[in-house]
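Below: one structure, written as structure tokens.
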Amino acid sequence: MKIATFNINGIKARINALLDWLDEAQPDVALLQEIKSVDENFPRELFEERGYNVETHGQKSFNGVAILSKLPLEDVTRGLPGDDSDEQARWIEATVVGKQAIRLCGLYLPNGNPTPGPKYDYKLAWMERLHARAAALMASEEVALMAGDYNIIPQDEDAARPEAWQKDALALPESRAAFRRIVNLGFTEAFRARNPSPGQYSFWDYQAGSWQRDDGIRIDHLLLTPQAADLLLDCQIDKDIRGREKPSDHVPVWVELDL
DNA sequence: ATGCCGCTCCTCGAGCGA
């Protein structure tokens, strides 16, 4: 089963690029972030006619996450637990059943800039809630993964110019520590587990010719519970997508699991 | 130090992103 995460930066602007990638890459599941659409305006028919089931958790203009799956999506829940007053659409969960069941969590973690400030406070608070959900997932001993745009550069080797990110919410020690604390519950960060070399990125800014200069960062991650990590066959970044027409600033990252 | 670029919307300028 091939499961991908992809921050598409707007479903309306990305529909052609997204459909082309789906037709080629043929993921069984795609966890999407930044759909920037309300549920009613998400073009679900375009995916359904390609054999995907569609579940969305959208909001107007900003954020928004979705799951596309060739297998039925069961037990869908929306919103990260822990703060009923949080109205930002950044979390969706569902179960699909292949050879065995897997719980899928799609997430769009807050950017957090500028620091310090309320947006950074929100990021850290959101990560505290994520830690709680992650701990519960770990305790359940399920085959599960949490994948999406984490807005975290885990280590200096995950940025072309780490010095440029030193004081950024994506790389501050407190951000990295919060991410490590979640991984250290026992998760396997799939890409790093299979690809030790530095210089591999999932985001290149639209500005200042970042793509042309390969000035990227790796911020889109798939975290696997031990039960899922045991099934890990492969993990890759579809880098070439970034060089196409009207690309997102992120590219897909995917795992192949033996289920 | 700032903006670069791109997306969105009660759209022609501003908020947001990373």
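Order of the sequence lines fixes the chain letters, A, B, ..., with proteins taken first and strands second; residue numbering starts at 1 for each chain. On a predicted model such as this, the values are computed, not experimentally measured, just so you know.
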Notebook entry, point to check: Once you round it to whole Å, what is the distance between P of B/dC16 and OH of A/Y108?
Noted result: 12 Å
Notebook entry, point to check: On a whole-Å scale, what distance lies between the C1' atoms belonging to B/dC12 and B/dT8?
Noted result: 14 Å
Check: Within this structure, what is the CG-to-P distance between A/D249 and B/dC16, rounded to whole angstrom?
Finding: 17 Å
Contacts table for residues 70-77 of chain A: side-chain donor-acceptor under 3.5 angstrom, sequence neighbours left out:
unit_1, atom_1, unit_2, atom_2, d
A/K70, NZ, A/Q26, OE1, 2.4

Item checked: Pairwise ring pair (Phe, Tyr, Trp, His ring centres under 6.0 Å) hits with a residue in residues 139-158 of chain A, at least two apart -> A/Y150-A/F179, A/Y150-A/H221
Next item on the list: Determine the contact category for A/N151: base if any of its heavy atoms lies under 4.0 Å from a base atom, sugar-phosphate if only primed atoms, P, OP1 or OP2 are that close, otherwise nothing.
Entry: sugar-phosphate
Note to self: Say we look at B/dT11 and B/dG6: how far apart would their C1' atoms be, to the nearest angstrom?
What the structure shows: 15 Å
Expected list for residues 130-146 of chain A: side-chain donor-acceptor pairs under 3.5 angstrom, two or more places apart:
unit_1, atom_1, unit_2, atom_2, d
A/R133, NE, A/E93, OE2, 2.7
A/R133, NH2, A/E93, OE1, 3.0
A/S140, OG, A/L137, O, 2.6
A/S140, OG, A/E142, N, 3.3
A/S140, OG, A/E142, OE1, 2.9

Next item on the list: Provide, to the nearest angstrom, the distance between the CZ atom belonging to A/R176 and the C1' atom belonging to B/dA18.
Entry: 14 Å
Item checked: Pairwise P distance, B/dA1 and B/dC16 [rounded to whole Å] -> 22 Å
Margin query: Using a 4.0 Å heavy-atom cut-off, does A/N7 contact any base of the nucleic acid, only the sugar-phosphate backbone, or nothing at all?
Written below: sugar-phosphate
Check: Does OP1 or OP2 of B/dA18 have a side-chain N or O of A/H250 closer than 4.0 Å?
Finding: yes
Next item on the list: Examine B/dA18: is either OP1 or OP2 under 4.0 Å from a nitrogen or oxygen in the side chain of A/Y150? Give yes or no.
Entry: no
Check: Minimum heavy-atom separation for A/W91 to A/H57, with atom names?
Finding: O-CD2, 3.2 Å
Check: Can we say A/K239 and A/D214 salt-bridge, meaning some charged N sits less than 4.0 Å from an Asp/Glu carboxylate O?
Finding: yes
Check: In whole Å, what is the span from the CG atom of A/N111 to the P atom of B/dA18?
Finding: 5 Å
Next item on the list: Pick the P atom in B/dA18 and in B/dC7, then give their distance to the nearest Å.
Entry: 14 Å
Next item on the list: Can you tell me the distance, in whole Å, between the CZ atom of A/R218 and the C1' atom of B/dA18?
Entry: 16 Å
Next item on the list: Would you name the heavy atoms of A/N63 and A/A89 that are closest together and state the gap between them?
Entry: CB-O, 3.4 Å
Next item on the list: Could you state the atom-to-atom distance from CZ of A/R242 to C1' of B/dA18 in whole Å?
Entry: 12 Å
Margin query: Does the protein touch nucleotides 3-13 of chain B at the base, only the backbone, or not at all? Give it as B, S and - per nucleotide, heavy atoms under 4.0 Å.
Written below: -BBSSSSS---
Next item on the list: Only counting residues at least two apart or in another chain, list the ones meeting side-chain contact (heavy atoms from CB on, under 4.5 Å) with A/D86.
Entry: A/D83, A/Q88, A/Y122, A/W126, A/R129
Notebook entry, point to check: Can you name the side-chain hydrogen bond (donor to acceptor under 3.5 Å, both in side chains) partners of A/D230, sequence neighbours left out?
Noted result: none
Notebook entry, point to check: Quick one: the side chain of A/D168 and the base of B/dA18, do they pair up donor-acceptor inside 3.5 Å?
Noted result: no
Checklist line | P gap between B/dG15 and B/dC4, integer Å | finding: 14 Å
Note to self: Classify A/D220 by what it touches in the nucleic acid, base, sugar-phosphate, or nothing, heavy-atom distance under 4.0 Å.
What the structure shows: nothing
Note to self: If I pick the P atom on B/dA14 and the same atom on B/dG3, what distance separates them, to the nearest angstrom?
What the structure shows: 12 Å
